[in-house]
Amino acid sequence: MPYKAQLDPQNQYIIGSYETDVAIENGLKFHVDWLKGQKTGFFVDQRENRRLLETYSKGRRVLNMFCYTGGFSFYAMRGDAQIVHSVDSSAKAIKLTNDNVELNFPSDSRHEAFAEDAFKFLDSIQKDDYDLVILDPPAFAKHKSALKNALIGYRKLNAKAFEKIKSGGILFTFSCSQAVNREQFRLAVFSAAAMSRRKVRILHQLTQPADHPINIYHPEGEYLKGLVLYVE
């Protein structure tokens with residue numbers, strides 16, 4: 001028997017039902033692929049970080065890399081961003097992103113989506129095109145054996161973002177790799193800043209919400225690490 005959608009205890013998002021593929025988070029609607037999507041189709045663990053991004057978006061030119069279904073993009077649009085560009089290598093993800101634009105901001109010309117490799121896209125843009133950039137890639141290391149290459153990947157990705165972002169820009173950068181701890185991620189990002197010779201300040205240090213608890217005897221449970229950085 002189908003069940004009805006219900007609000008979570010904090011009224012932040014609607015738990016989907018068998019009757020619909022639309023979830024609501026903080027007043028924004030999202031098409032969700034419950035069966036084949038990543039992490040049951042929607043990354044609820046980023047909801048508080050998306051709300052924070054909204055507060056930084058007014059008047060900014062926003063680039064959302066690894067956008068998946070466009071979550072950060074729509075918070076930026078609601079935060080009155082000047083433009084929002086969403087990038088993902090998956091054409092299916094880009095279709096979901098565009099469908100979600102129509103759910104929330106129909107015919108809004110501020111948004112454009114691109115199905116393209118992240119590094120190729122960053123190489124193609126001009127310096128100063130964007131002054132708010134989100135880097136929320138899939139896990140670069142799912143096992144300890146991949147840790148070295150993952151840290152190289154985070155360093156290269158963030159260095160490219162530092163190279164391209166406009167002076168006075170804001171960078172939201174994340175790792176969801178359980179095998180990468182907070183200190184290792186920070187070092188990779190700070191090394192990237194040094195490589196790019198940009199002056200960078202930490203505005204926020206981010207993690208997963210309380211409904212994704214971390215057991216003190218399993219520190220790897222703190223899988224989501226994030227930094228909000230001001231780039232001079």
Side-chain angles (χ1 to χ4, degrees), residues 43 45-68 70-88 118-119 121-141 147 150-209 212 222-232:
F43 288 86
D45 56 354
Q46 285 281 29
R47 67 182 184 275
E48 294 176 1
N49 300 328
R50 287 190 280 261
R51 292 191 78 170
L52 178 63
L53 176 94
E54 183 176 354
T55 68
Y56 280 98
S57 299
K58 186 176 179 62
R60 292 190 178 271
R61 300 172 63 87
V62 179
L63 174 62
N64 181 14
M65 302 298 301
F66 312 95
C67 67
Y68 190 36
F72 281 105
S73 299
F74 311 128
Y75 279 82
M77 293 176 75
R78 191 169 67 179
D80 203 20
Q82 182 181 346
I83 65 163
V84 180
H85 289 166
S86 304
V87 179
D88 200 285
F119 284 96
F121 186 88
L122 288 170
D123 282 335
S124 71
I125 64 177
Q126 299 298 312
K127 187 175 180 180
D128 298 348
D129 277 351
Y130 303 99
D131 56 1
L132 200 168
V133 176
I134 305 105
L135 301 177
D136 186 22
F140 283 179
L147 177 59
L151 294 175
I152 292 172
Y154 286 122
R155 188 166 65 246
K156 287 183 176 179
L157 179 63
N158 283 275
K160 184 61 66 174
F162 284 130
E163 176 188 332
K164 296 291 186 173
I165 196 169
K166 187 177 180 179
S167 179
I170 304 292
L171 175 63
F172 278 65
T173 183
F174 296 95
S175 167
C176 64
S177 297
Q178 183 171 289
V180 177
N181 65 36
R182 180 182 297 205
E183 289 71 28
Q184 290 166 331
F185 177 63
R186 285 164 59 98
L187 181 59
V189 175
F190 298 165
S191 297
M195 290 167 58
S196 65
R197 299 183 179 180
R198 303 293 295 269
K199 293 182 178 180
V200 177
R201 299 202 305 265
I202 300 174
L203 301 179
H204 304 275
Q205 301 180 65
L206 308 177
T207 188
Q208 61 223 55
H212 288 63
E222 189 178 4
Y223 66 93
L224 183 60
K225 286 79 60 176
L227 295 166
V228 182
L229 305 171
Y230 177 82
V231 185
E232 295 185 9

May I ask you to decide if [Y]'s main-chain N or O and [X]'s side chain share a donor-acceptor pair within less than 3.5 Å?
X	Y	value
K225	V180	yes
S175	S177	yes
R201	Y230	no
Q208	L224	yes
R60	L132	no
R198	I165	yes

Heavy-atom closest pair, residues [X] and [Y]:
X	Y	result
S86	S73	OG-OG, 2.6 Å
A76	S57	CA-OG, 3.3 Å
C67	D88	N-OD2, 3.5 Å
K164	I125	NZ-O, 2.8 Å
R50	G71	CD-C, 3.5 Å

Within a strict 4.5 Å, meaning less than it, do heavy atoms of the [X] and [Y] side chains meet?
X	Y	value
I202	L229	yes
F72	V62	no
Q184	L187	no
D129	H85	no

Test: K160 and D123 ion pair at under 4.0 Å: yes
Step-by-step side chain to side chain contact (heavy atoms under 4.5 Å, CB included) determination, L157 to M65: CA-CA 10 Å; L157 179 63; M65 302 298 301; over 6 Å; no
Aromatic Y75 / basic R78 pairing, under 6.0 angstrom, 45° off normal: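 Judged by the rule, R78 and Y75 form a cation-pi pair.
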N49 and Q46: side chain donor to acceptor below 3.5 Å: yes
Full working for side chain to side chain contact (heavy atoms under 4.5 Å, CB included) between V189 and L171: CA-CA 11 Å; V189 175; L171 175 63; 5.5 Å; no
Output the distance between atom [atom1] ([X]) and atom [atom2] ([Y]), rounded to the nearest 0.5 Å.
X	Y	atom1	atom2	answer
Q126	K166	CD	NZ	14.0 Å
L53	N64	CG	CG	8.0 Å
F162	R155	CZ	CZ	13.0 Å
L135	Y154	CG	OH	10.5 Å
L227	H204	CG	NE2	11.0 Å
F174	F66	CZ	CZ	13.0 Å

Salt bridge (charged side-chain N to carboxylate O under 4.0 Å, His left out) partners for D80, two or more places apart: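 With sequence neighbours excluded, D80 shows a salt bridge (charged side-chain N to carboxylate O under 4.0 Å, His left out) to K58, given in chain and number order.
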Aromatic ring pairing F121/Y130, orientation class (parallel under 30°, perpendicular over 60°, tilted between):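 F121 and Y130: tilted rings.
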Stepwise side chain to side chain contact (heavy atoms under 4.5 Å, CB included) check, V231 with V133: CA-CA 11 Å; V231 185; V133 176; over 6 Å; no
Audit row: L122, L63, side chain to side chain contact (heavy atoms under 4.5 Å, CB included) steps and yes/no: CA-CA 10 Å; L122 288 170; L63 174 62; 3.9 Å; yes
